[in-house]
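What follows is a single structure, written as structure tokens, with notes after it.
This chain uses plain numbering: 1 for the first residue, then up along the sequence.
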Amino acid sequence: MSIDPSEIKNSAAAAADPNARMKELVALLNKASEAYYAKDEEIMSNFEYDKLYDELVSLEKKTGVTLTNSPTVHVGYASVDELPKRRHEKPMLSLDKTKSREELRDWLGNQEGLLSFKLDGLTVVLTYREGKLFEAVTRGNGEVGEVITQNAKVFENIPLTIPFQGELILRGEAVIRYSDFEKINEKLEEEAVEAGNLEDVRYKNPRNLCSGSVRQLSSAVTAKRHVNFFAFSLVSALLPVQEGDSSAGAARQVDFHNSREQQFLFLKQQGFDVVEYHRVTRKTIMDRISYFEEKIKTYDIPSDGLVLLLDDIAYGDSLGTTAKFPRNAIAFKWADDTQETTLREVEWSASRTGLINPVAIFDPVELEGTTVRRASVHNVSIVRQLRLGIGDRILVFKANMIIPQIAENLTKSDTLEIPAVCPVCGGRTEVRAMNDAQSLFCTNPECPAKKIKAFDLFVSRNAMNIDGLSEMTLEKLIGRGFIREFADIYHLDRHAGEIMQMEGFGKKSYDNLAASIEASRDTTARRVLTALGIPGIGSSGAKLLCEHYQDDLQAVRKAGADELSLIDGIGPVLAQNAASYFADEKNREMLDRLLSELRIQKSAPAAAQTSFASGKTFVITGAVHHYENRDALKAYIESLGGKVSGSVSKKTSYLINNDAASTSGKNQKAAMLGIPVISEDQFIELCSGKGNQ
């Protein structure tokens, strides 16, 4: 399901036939709502939806006509069929909204209210009976929701039992934090790449991920998604009927002294996290709006505006409701700070999944207090919907005051060409339908962008030890075509200006990276072999090869599988892996280019075999103090002829742990097997010959 650009017309088209335009708008908005609520897909930006919705409201007021299926009188979309359904005791209406601070202040009038974040997740209704979670139901279409009780029990912060022993019904928002969202996407991509899946598997936004997570058929899946719940409304709190009570059979509501804030405080006492709120009056509301406006810039919880709720319960209830909105609360949506600028370039950046993402680059503008010059365009469908062309005048804004996006293309030249080749490898590209949207993919399975793990290993501490090249940074550099093979890392100075303009970079960051790259040129044969990522040949395997061939990489390259398999600790499988790697002409040429950038140092001669560590097997655990890290201590032990293992076994000679009294699993196993536990200081003394062996 996608929106064709031709479906979205200018509101001026309504002048000739407003009724026809209303039908178009109703169809468009309902199509977008179905995708958003029932399928967890976003086929239209919030900016575009709000714009069309406001146009529909205006036409309905002007004509006095409201269609039966208009989204202005229907709430949400019907729930899906996979989960049991439950009708809400009280309909869950949506809120009327405004983007004007003055209107919000005037709406409050002389009343006092509670101003809070409007969280962007999935609304859930919780019911507690006799102090235990009895049921959890999603909002659904406002009248009927889905029962997700077992899933709610694995939310990270919902209390399963509470002090209140009556019946408590409350509403809140299930959300996934931005930080958790990023971690989930990163892990998902890693798993997809390892499985050979080159499709785009990333979730689009936390709201969609949360909705899908909450409505899982298996609570085990929900538990992995770090869902949190923030209460925003107390529906009912019935006191338990006491034996002998003359009013038995007629349960009584808790008295909250006619205050919504008292309800919030009560929910906090029961162990619930409550949405952040501030008590406001007509005089203080502007200051509090500014507070929230500043906080949302770094807020980790998705929010798409504010909610203003009247504190006076009786007065608010007396106002009643419209067909869609309650009159005791109103939503405030941030007025989008849009700026007009000129589109200068669309950068197509390849990722590890093969997806090639379009990013708009435009003349810098100030948005929400920061300078913005780039905005993701997400996919080919949106490129075509916006009808982009280089030199077009565009309106840009920050969605939810955070994420830069293109709101509108004023020129609509529609001249931008979709690349036929990948910007990284030059391989053929193709447009594929993904989640009802068209996206561009590289078809070359050998594209460097798809091998981010290989480059991550290359720069790792045990390999070339280059600081400043995280997976995220590598993906950006590879996606822009700056890195195609290992040797290219040593020529990043050719792109210094562009790198310093990248998000998260600056001159200092680039200078530190350049210094680390330069330092890595002086290296050892063992590090180079480790960095190549030959299957099964890690740091230990590289050490065995380098010791056997005395750091002569040319000898290692020329050796056949039979010869390599004779080396103690290598074996036929690893020998064949190494021989096959060096037999590949592309690998040999790539290695020649890499070696031309490096200065290989000979390893220090192995220590005499009479060393204390020689022939012994050590396990290292806990923090180290005399060495830079555990790897440095491991390297020293190996230089003395010893071995280092990752786990304690009968073959272990010593466990090195500066906390001898630790109750860690390794210490416990060492004690069970009678293996000595020594500190770094004791190890150093034993190596010097001063200790008691």
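- Between the side chains of Thr443 and Glu430, no donor-acceptor pair of N or O atoms lies under 3.5 Å.
- Qualifying salt bridge (charged side-chain N to carboxylate O under 4.0 Å, His left out) partners for Asp414, counting only residues two or more places apart in sequence or in other chains: none.
- Ion pairing of Glu24 with Arg21 is present here, as a side-chain N (NZ or NE/NH1/NH2) and a carboxylate O approach within less than 4.0 Å.
- Note that the CG atom of Leu308 and the CD1 atom of Ile289 stand 8.0 Å from one another [nearest 0.5 Å].
- Look at Arg373 and Glu345 and you find no salt bridge, because none of the NZ, NE, NH1 or NH2 atoms lies under 4.0 Å from a carboxylate O.
- A 4.5 Å side-chain heavy-atom check between Arg171 and Arg139 finds every atom pair outside the cut-off.
- Remark: aromatic rings of His278 and Phe292 are close, center separation under 6.0 Å.
- Considering only heavy atoms from C-beta on, Ser116 stays 4.5 Å or farther from Leu309 through its side chain.
- By the 4.5 Å heavy-atom criterion applied to side chains, Thr321 and Leu93 are counted as neighbours.
- Atom CD of Glu417 is surrounded by 12 or fewer heavy atoms from other residues, nucleotides or ligands within 6.0 Å.
- If you take CG on Asp363 and CD on Glu340, they are separated by 11.0 Å, rounding to the nearest 0.5 Å.
- Here Ser470 pairs with Thr473 under the side chain to side chain donor-acceptor pair (under 3.5 Å) rule; sequence neighbours left out.
- Formation of a donor-acceptor pair under 3.5 Å by the Ser213 side chain with backbone atoms of Leu209 is found in this model.
- Evaluation of the side chain to side chain donor-acceptor pair (under 3.5 Å) rule for Glu182 yields no partner, not counting sequence neighbours.
- In this pair, Phe458 and Phe486 present their aromatic rings parallel. The plane angle is below 30°, not in the 30 to 60° band.
- Within the 4.5 Å cutoff, the side chain of Glu366 has heavy atoms near those of the Thr371 side chain.
- Residues Ile382 and Val380 are not in side-chain contact: their nearest non-hydrogen atoms beyond the backbone lie 4.5 Å or more apart.
- A donor-acceptor contact shorter than 3.5 Å is absent between the side chain of Asp392 and the backbone of Ile394.
- A cation-pi arrangement is absent between Arg344 and Phe362 under the rule of less than 6.0 angstrom and at most 45 degrees off the ring axis.
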